[in-house]
K.L.:
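The structure that follows is given in the form of structure tokens.
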Amino acid sequence: MTAYLDPAKSVIISAPAGSGKTEKLSRRYLSLLESGSEIEKILAITFTEKAAAEMKDRILSIMRREKTGLFGKVREKIPLMRITTIHAFCRKLITRFALDLGLNPAVDVLDEFKARQLWTESVYDALREERENAGCFFEYLRHKGIKGWSALLGTLTAIHQKRPYTEFLLAGLPTKPDPLQPANPEEEQLLELYRRCFRIYQEKKRILGTIDFNDMEVLALRAITSNPQSLNILYAFDEHTDHILVDEFQDTNSVQWRIIDALTEEWRSGLGAKRAEGKTPTVFLVGDEKQSIYMFRGANVSVFQEVKQRFREWLGGEALYIEAKENYRSLPAIIHFTNTLFGHIMDASGDEPWKTTYSGFSPTRQGEGKVEVILFEGRENSKMTRTREAELVAGKIISLAGRGTPGPAAGQHCRYGDICILLRNRTHLASFETALRTHDIPYVVVGGIGFYDEPEVALLREFVSFLADPVDNFSLFVLLRSPLVGLSEAVLRDLLSGRESILFDTLRDSAAAVCRSAFELLEPFIARAAGVPLSILIEEFLTRTAGWEVFWERQRHANIKKFLGIIGGYEEQALSLPEIRELLVLSRKSNEAKANVNTESLDAVKIMTVHGSKGLQFPVVFLPSLDETPPSKAGAVCIDEVNNAVRFAYEEEACERTKQGLFILRKAKEAEEEKRLFYVAVTRAMDRLIMTGAVKNDCKGQTRVRGAFSFIEQSFPGSISERKGRDGVFSITGEAELATPGGAPGVSFSTEKAFFQEPVYTEKVPLPPGTESWVDVTEAVGHGKKKSADWSLLGSLFHRVFEGISAGGILPGDLEHAVEALIRKEVQAEKTAARYREIILADMRKLRNSPFFDEILLPAANSYTELPFVLRKGSAIFRGRIDRVVIRDGIARVYDYKTFPVREKEAGALARQYRFQISIYCEAVGKLFGTRTKGFILFTSRPEMIEVI
DNA sequence: AAGTATGTCATTTTT
DNA sequence: TGACATACTT
């Protein structure tokens with residue numbers, strides 16, 4: 001038996017990229033089950049929900065495939081599996097013992113936006129006090145005026161962002177003399193001020209009965225260590241848990257480790273009730289210290305190193321430390337490159353637990369693989385350089401995949417979907433998008449926050465929506481609840497329970513002063529909406545509600561300006577207010593939909609950040625912009641953990657920082673993490689790795705090697721510097737190769753996200769003027785808008801129900817609830833809601849009894865819901881969204897739902913009318929998946945299905 | 001109206 | 001160090 005499966009031993013595994021980490025974790029879990037552990041007594045902890053879902057999935061699929069006996073035995077208990085994120089675990093702990101902890105069991109978790117709002121308020125409260133009582137920052141505030149306020153707010157927020165470390169810092173005051181950082185009265189005063197802000201913040205949260213994300217960890221730790229009830233809580237935990245497994249252990253921060261530490265301390269010390277019973281509880285930690293890339297959110301590599309070292313001390317013969325050596329992911333060339341490179345630059349010889357040591361691993365895959373570096377001459381890190389580079393990458397992609405026919409030999413011709421471009425940041429994303437689009441290369445941008453969902457943009461969208469339609473209760477509700485108007489929950493509840501069905505009327509008639517002033521603020525805007533440009537009204541609204549101050553961060557200002565620009569653009573096209581609103585609604589929907597697009601099986605090049613790529617793998621990986629050096633963190637505040645004690649330093653002068661211990665340490669840690677980030681990027685590649693970047697000679701004719709290029713130069717001396725000043729391709733593993741841009745195919749696919757976010761990231765698609773135009777498929781067909789308002793809303797409700805069912809978000813048994821929730825969101829009037837409910841449920845009942853429900857609607861492998869596409873055909877570019885695609889037996893079946901009532905005789909004629917629409921859908925799907933297609937219309941109210949093509 | 005000087009700020013993202 | 005915006009010249 002493989003050693004790490006031994007259920008009597010605690011294990012810590014250092015599992016490098018591609019060594020089958022999840023597989024090992026799952027096997028361990030199963031071996032614990034097989035050795036007789038009860039499923040509900042095994043606790044597995046991950047850091048993201050996605051990771052938790054993947055692990056559960058993997059365990060169940062192995063069990064179903066290989067261990068049918070076991071599967072049969074535990075089948076009923078599967079819902080009891082405890083595979084959760086650390087935060088969910090903490091939250092459960094807190095709520096379960098809320099009363100013991102002196103908390104309200106119904107405690108709510110603040111979202112980030114609200115938490116920040118509350119924090120800013122707290123700082124202002126504290127600063128006001130400071131000014132009124134002439135505290136030690138009084139002079140500072142008086143001298144520098146408003147600038148001083150925002151500077152202090154920035155500094156205090158920087159400290160605040162280092163939570164939960166900051167809290168330990170406060171708890172540890174006054175600090176002992178520290179050789180790294182001599183005592184500094186200014187720092188102490190600043191911390192004192194921070195302490196006051198923090199106290200106000202805590203109090204505000206207490207009054208609201210909420211906690212924030214940081215509190216979850218801190219409170220959980222307190223619950224099991226410094227609370228009078230700690231022993232009881234630990235005892236209860238112990239009773240319910242025999243084994244703990246932790247995934248991605250290198251991403252653990254100190255608080256999280258302390259939680260796990262406290263929970264398992266008894267086990268490790270060889271004591272405890274379990275041992276007395278003859279049970280051996282175990283800990284199983286898996287991670288790769290070289291993939292620790294989340295320092296900026298508190299992850300601490302030293303934890304992994306320290307635990308690794310002390311594991312044996314704790315457990316003696318019951319402990320196993322395993323270093324996985326095999327790599328199942330990459331071809332030999334890539335592994336050879338990785339071993340040479342990181343063997344050189346990752347070496348923690350000294351006493352620095354935040355550094356990592358690289359030990360080589362060995363390939364298991366047969367074949368060769370290829371690693372290339374493409375250099376071109378250019379100025380470093382300018383927009384021009386990145387645009388050129390994007391062109392180069394696009395050309396290379398065409399030469400790799402442009403013919404579209406997958407070749408037999410790996411690396412010769414691949415699918416677009418095999419290629420991934422990994423970026424360090426999103427700054428130059430636009431350049432890459434433009435390049436791929438102009439070359440008709442299908443691509444998907446994975447991850448990132450949608451512009452329209454940023455809180456400030458979302459709010460302004462609602463403002464526009466409200467102006468377009470003042471009886472839109474939802475928009476008004478959002479406005480009133482927002483920090484710009486700021487009605488309290490209680491007042492809002494009162495308003496909603498009012499008799500009027502129109503919220504705005506209730507607001508007008510309300511006696512409360514806050515409501516009056518809200519009404520007086522909003523009412524004039526409605527009257528003026530007809531004459532005054534929308535962008536001016538929005539700006540005025542922001543000024544009158546102090547919106548610019550609420551959204552004070554630079555990025556938010558930029559977003560607001562961008563939004564104003566978009567609105568301005570619409571107005572130039574002389575669009576009416578309702579039309580603008582419609583467009584905004586569309587753009588939001590496109591954002592919602594992005595989660596539904598299954599990027600994995602979409603044949604499109606993926607673009608994502610290195611951070612986002614963690615845990616994934618791709619046959620071909622592009623790593624552009626290797627000459628870029630990320631700007632080092634410029635903050636005047638530095639909080640860090642040294643030898644298990646939190647340290648704090650504050651220095652306004654940037655050049656002074658280079659001399660101070662804590663700042664030097666931070667810089668060194670950042671440099672180390674930069675290496676690890678490069679490691680993660682490189683190890684995503686399975687068959688082929690292509691790195692690109694610009695080089696330029698300096699005034700003395702020397703090549704300046706910067707960024708990740710310096711890593712390559714160190715381990716392969718001369719590889720970069722000897723090729724100065726000439727564009728060229730070379731392969732580190734040997735032969736040279738030249739990229740030849742190929743011809744462009746006539747179809748271009750993009751996700752709607754990319755399409756609608758054009759105003760945000762990219763310029764318009766450059767097309768020969770006057771020759772082409774964007775056409776909505778339904779627009780070209782000329783249907784879809786004749787239906788009454790009732791049916792267009794009902795139609796969208798139906799579609800959302802179907803989408804929910806297909807995506808698995810709505811279970812057939814839970815249909816009534818889901819429908820109810822959907823209607824509640826869209827319809828306020830009780831009568832209308834009741835009517836809609838009746839129609840939808842009646843139709844759904846009929847549908848469920850038909851074969852179509854199982855065949856089309858239910859989730860299925862190789863199926864897509866609300867699939868967006870863009871198709872060029874002649875001089876028109878069609879865009880649209882396909883209700884459902886199911887690929888079975890090599891045929892892609894395209895379904896379009898028509899939800900309005902249809903008489904028996906009408907169906908055939910209607911189907912003929914929609915023929916063109918469906919034919920476009922089929923063509924797009926055919927190009928996208930490369931399969932034969934069939935097109936169907938499903939009249940859902942009958943229900944009846946007609947094959948159209 | 002166009003050109004010039006000055007100032008400010010930069011990445012990664014989960015719960 | 002460079003991109004971008006704003007303020008100030010000519």
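Throughout, a chain's letter reflects where its sequence line sits, starting with A, and its residues are numbered from 1. What's counted below: heavy atoms across the whole structure, side chains too, no hydrogens, waters or symmetry copies. What you see is a predicted model; the values in this text were computed from it and never measured.
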K.L.:
I'd like the P distance from C/dT1 over to B/dT12, given in whole Å.
P.N.:
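Here B/dT12 and C/dT1 have their P atoms 23 Å from each other.
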K.L.:
Between A/Arg706 and C/dT1, is there a contact of a side-chain N or O with OP1 or OP2 at under 4.0 Å?
P.N.:
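No, because none of the side-chain N or O atoms of A/Arg706 sits under 4.0 Å from OP1 or OP2 of C/dT1.
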K.L.:
A/Phe213 has a side chain; which of B/dT14, B/dT15, B/dT12 sits nearest to it?
P.N.:
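Within the option list, the nearest is B/dT15.
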K.L.:
So, does A/Thr427 get its side chain near the phosphate of B/dA10, meaning an N or O under 4.0 Å from OP1 or OP2?
P.N.:
no
K.L.:
Which part of the nucleic acid, if any, lies within reach of A/Arg91 when heavy atoms closer than 4.0 Å are counted: base, sugar-phosphate only, or nothing?
P.N.:
nothing
K.L.:
Looking at every strand, decide which applies to A/Glu217 at a 4.0 Å heavy-atom threshold: base, sugar-phosphate, or nothing.
P.N.:
nothing
K.L.:
Between the base of B/dT11 and the side chain of A/Arg424, is there any donor-acceptor pair under 3.5 Å?
P.N.:
yes
K.L.:
Hey, does A/Phe47 reach any base, or is it just sugar-phosphate, or nothing, if we go heavy atoms under 4.0 Å?
P.N.:
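Contact class for A/Phe47: sugar-phosphate only.
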K.L.:
Go through the structure and list residues passing side-chain hydrogen bond (donor to acceptor under 3.5 Å, both in side chains) with A/Gln202, not counting sequence neighbours.
P.N.:
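Partners of A/Gln202 under the side-chain hydrogen bond (donor to acceptor under 3.5 Å, both in side chains) test: A/Lys205.
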K.L.:
Centre-to-centre under 6.0 Å for A/Phe249 and A/Trp257, is that the case here?
P.N.:
yes
K.L.:
Less than 4.0 Å between a side-chain N and a carboxylate O, is that true for A/Glu391 and A/Arg388?
P.N.:
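Between A/Glu391 and A/Arg388 there is no salt bridge, as every charged N stays at least 4.0 Å from the carboxylate O atoms.
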K.L.:
Would you mind checking if A/Lys50 and A/Asp57 are paired as a salt bridge, meaning a charged N to carboxylate O distance below 4.0 Å?
P.N.:
no
